[in-house]
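Below, chain A is the first sequence line, B the second, and so on; all start at residue 1. None of these values were measured; they are calculated from a predicted model.
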There are 2 protein chains.
Amino acid sequence: MSDTTQPRRSTRQQAAVANQLAQLPDFVSAQELHAQLRDEGESVGLATVYRALQAMTAEGQIDMLRTEDGEAIYRACSTTHHHHLVCRECGRAVEVEGPAVERWAEQVSAEHGFTDAHHVIEIVGTCADCRTV
Amino acid sequence: MSDTTQPRRSTRQQAAVANQLAQLPDFVSAQELHAQLRDEGESVGLATVYRALQAMTAEGQIDMLRTEDGEAIYRACSTTHHHHLVCRECGRAVEVEGPAVERWAEQVSAEHGFTDAHHVIEIVGTCADCRTV
DNA sequence: GGCCTAATGAGAATGATTGTCAAAATAGGC
DNA sequence: GCCTATTTTGACAATCATTCTCATTAGGCC
C-alpha cells in the first residue's frame with residue numbers, strides 16, 4: 001500500500017478541472033469551480049469535480065485548505081513546499097517557507113520512529129488591513 | 001465592535017460547557033462535548049452547545065480550529081500548547097512540543113503584519129509498529 | 001413576587017460533501 | 001479500426017455538521 005500512484009485515466013473532465021484551476025490565481029471552492037466550468041460550457045458533474053480535486057490533492061498537485069467556516073478551497077500550487085498564513089477575516093493567504101520548521105518536523109518524526117512523514121502547518125491571524133477596520 | 005464584551009446571562013448550560021471544556025486536555029468537537037455532557041447527566045441541548053462554543057470563541061475564551069475533514073474542534077485556551085504526530089495507518093497520536101516552531105510562527109506572522117495569530121501543525125507519518133507489518 | 005428579555009431545546013432546514021449505480025468513455029490488444 | 005475489460009462519469013439520494021425557528025423557560029432587576 002505504498003504510494004504506487006497509479007495514474008488515472010485522462011478524461012475531458014479531469015483536464016477541464018486541472019485547466020481551470022491552473023488559470024485561477026486564488027483559492028476556489030469545489031462549488032465555485034463547478035459553476036465556472038458550467039458557465040464556460042465545459043460542463044462537468046459536481047461529484048466529478050469533487051473527485052478530481054480529491055485525486056489531485058492526494059497526488060500533491062494542488063493545495064487544499066479550509067476557510068474559517070469549514071469549506072474546502074483549492075488552488076494550483078507551485079512545486080516548492082510551503083505553508084500558509086491566512087487572515088481569519090478576509091481569507092487572504094500568504095505563502096510562507098520555513099526551512100527550520102521542515103527540519104524540526106523531520107527530527108520530531110524520526111525521534112518517535114515515524115517514517116515517510118508529511119506535515120501541514122497553518123497559521124491563522126488577523127491581517128493588517130482587517131485590523132484597522 | 002470592540003470588546004465591549006457584553007456579558008451573557010449566566011446559565012447552568014453555559015457553565016456546564018465551560019466546565020467540561022476546562023477539564024479536557026485536548027480539542028473536542030461540539031458533538032463530542034454534547035455527548036459527554038449527556039453521559040454525565042448534565043444534559044444540554046445540542047444547539048445550545050453550539051451557541052455556547054460560538055460565544056466563547058467570539059470572546060476569545062477558547063480556541064477553535066478545523067480538522068482535516070472540516071469539523072470544528074474547540075479547546076480551552078489555558079491548556080499547554082502542543083501539536084500532534086499522527087500515524088497514518090493506526091491513527092496513534094503522539095503529542096509533541098516545539099518552542100522553535102512557536103517562535104517561527106510568531107515571527108512569520110509579525111513579518112506579514114498579522115496579529116493575534118494561532119497556528120496548527122500536524123505531522124502525519126507511518127509509525128514503527130505499522131511499518132514492520 | 002413580577003416583568004422584560006435573553007437563553008434554551010426540539011426539531012426542521014441548510015448546505016457542503018460523499019455514496020450509489022447504471023451508462024458512457026478510455027486504454028490496449030487484436 | 002474494432003472489441004472488451006475497467007475506469008470514470010453524472011444524476012440523485014444520503015450523510016452529517018451546523019444553523020435556524022419559535023414556543024417555552026429562566027436570569028436580572030425593580
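At whole-Å resolution of the value, CZ in Arg8(A) and C1' in dT6(D) are 16 Å apart. Asp69(A) has its CG atom 18 Å from the P atom of dT14(C), to the nearest Å. For the pair Glu71(A) CD and dA17(D) P, the computed distance is 18 Å after rounding to whole Å. Summarising the geometry, the separation between CG on Leu53(A) and P on dT9(D) is reported as 12 Å, rounded to the nearest angstrom. In this structure, Glu42(A) atom CD and dG10(D) atom C1' are separated by 15 Å, rounded to whole Å. Between the CZ atom of Arg51(B) and the C1' atom of dT8(C) there is a distance of 6 Å, rounded to whole Å. Taking atom CG on Leu37(B) and atom P on dG9(C), their separation rounds to 10 Å, with Å as the unit. A straight line from CE of Met64(A) to P of dA16(C) spans 16 Å, rounded to a whole angstrom.
Heavy atoms of Gln31(B) sit under 4.0 angstrom from at least one base atom. Within the 4.0 angstrom heavy-atom criterion, only backbone atoms of the sugar-phosphate kind lie near Arg12(B); the bases stay farther away. Counting non-hydrogen atoms under 4.0 angstrom, Glu32(B) reaches nothing in the nucleic acid. Ser29(B) comes within 4.0 angstrom of nothing in the nucleic acid, heavy atoms only.
With rounding to the nearest 0.5 angstrom, the CG atom of Asp26(B) is 10.5 Å from the CD atom of Glu32(B).
Each of dT8(D), dA11(D), dT17(C) was ranked by its minimum atom distance to the side chain of Ala47(A); first place goes to dA11(D). Listed nucleotides dT9(D), dG9(C), dT19(D) differ in distance to Tyr50(B); the shortest reach to its side chain belongs to dT19(D). Among the nucleotides dT8(C), dG10(D), dT17(C), the one closest to the side chain of Thr48(B) is dT8(C).
Residues Glu95(A) and Arg75(A) are paired through a salt bridge, judged by an N-O separation under 4.0 Å between the basic side chain and the carboxylate.
Applying the 4.0 Å criterion to OP1 and OP2 of dT9(D), one finds that Gln14(A) has a side-chain N or O inside that range. Contact between the side-chain N/O atoms of Gln54(A) and the OP1/OP2 oxygens of dT18(C) is found at a separation under 4.0 Å. Close to dG9(C), at under 4.0 Å from its OP1 or OP2, lies a side-chain N or O of Gln13(B). Close to dG28(D), at under 4.0 Å from its OP1 or OP2, lies a side-chain N or O of Ser10(B). Look at Thr11(A) and you won't find any side-chain N or O under 4.0 angstrom from OP1 or OP2 of dA25(C).
A donor-acceptor contact closer than 3.5 angstrom is absent between the side chains of His112(B) and Gln107(B). Checking Glu40(B) against Gln20(B) by side-chain atom types alone, a donor-acceptor pair falls below 3.5 Å.
At least one donor-acceptor pair under 3.5 Å links the side chain of His34(A) to the backbone N or O of Val44(A).
Positionally, the nearest nucleotide of DNA chain C for Arg9(B) lies more toward the 5' end than for the other of Leu46(B) and Arg9(B).
For Glu106(B), the CD atom is loosely surrounded, since the number of other residues' heavy atoms within 6.0 Å does not exceed 12.
Recorded end-axis angle for the helix from dG1(C)-dC30(D) to dC30(C)-dG1(D) stands at 40°, based on five pairs per end and rounded to 10 degrees.
Leu65(A) belongs to a hydrophobic cluster whose other members, connected by ILVMFWY side-chain contacts under 4.5 Å either directly or through intermediates, are Phe27(A), Ile73(A).
Using a 4.5 Å heavy-atom cutoff, the side chains of Gln36(B) and Gln31(B) are not in contact.
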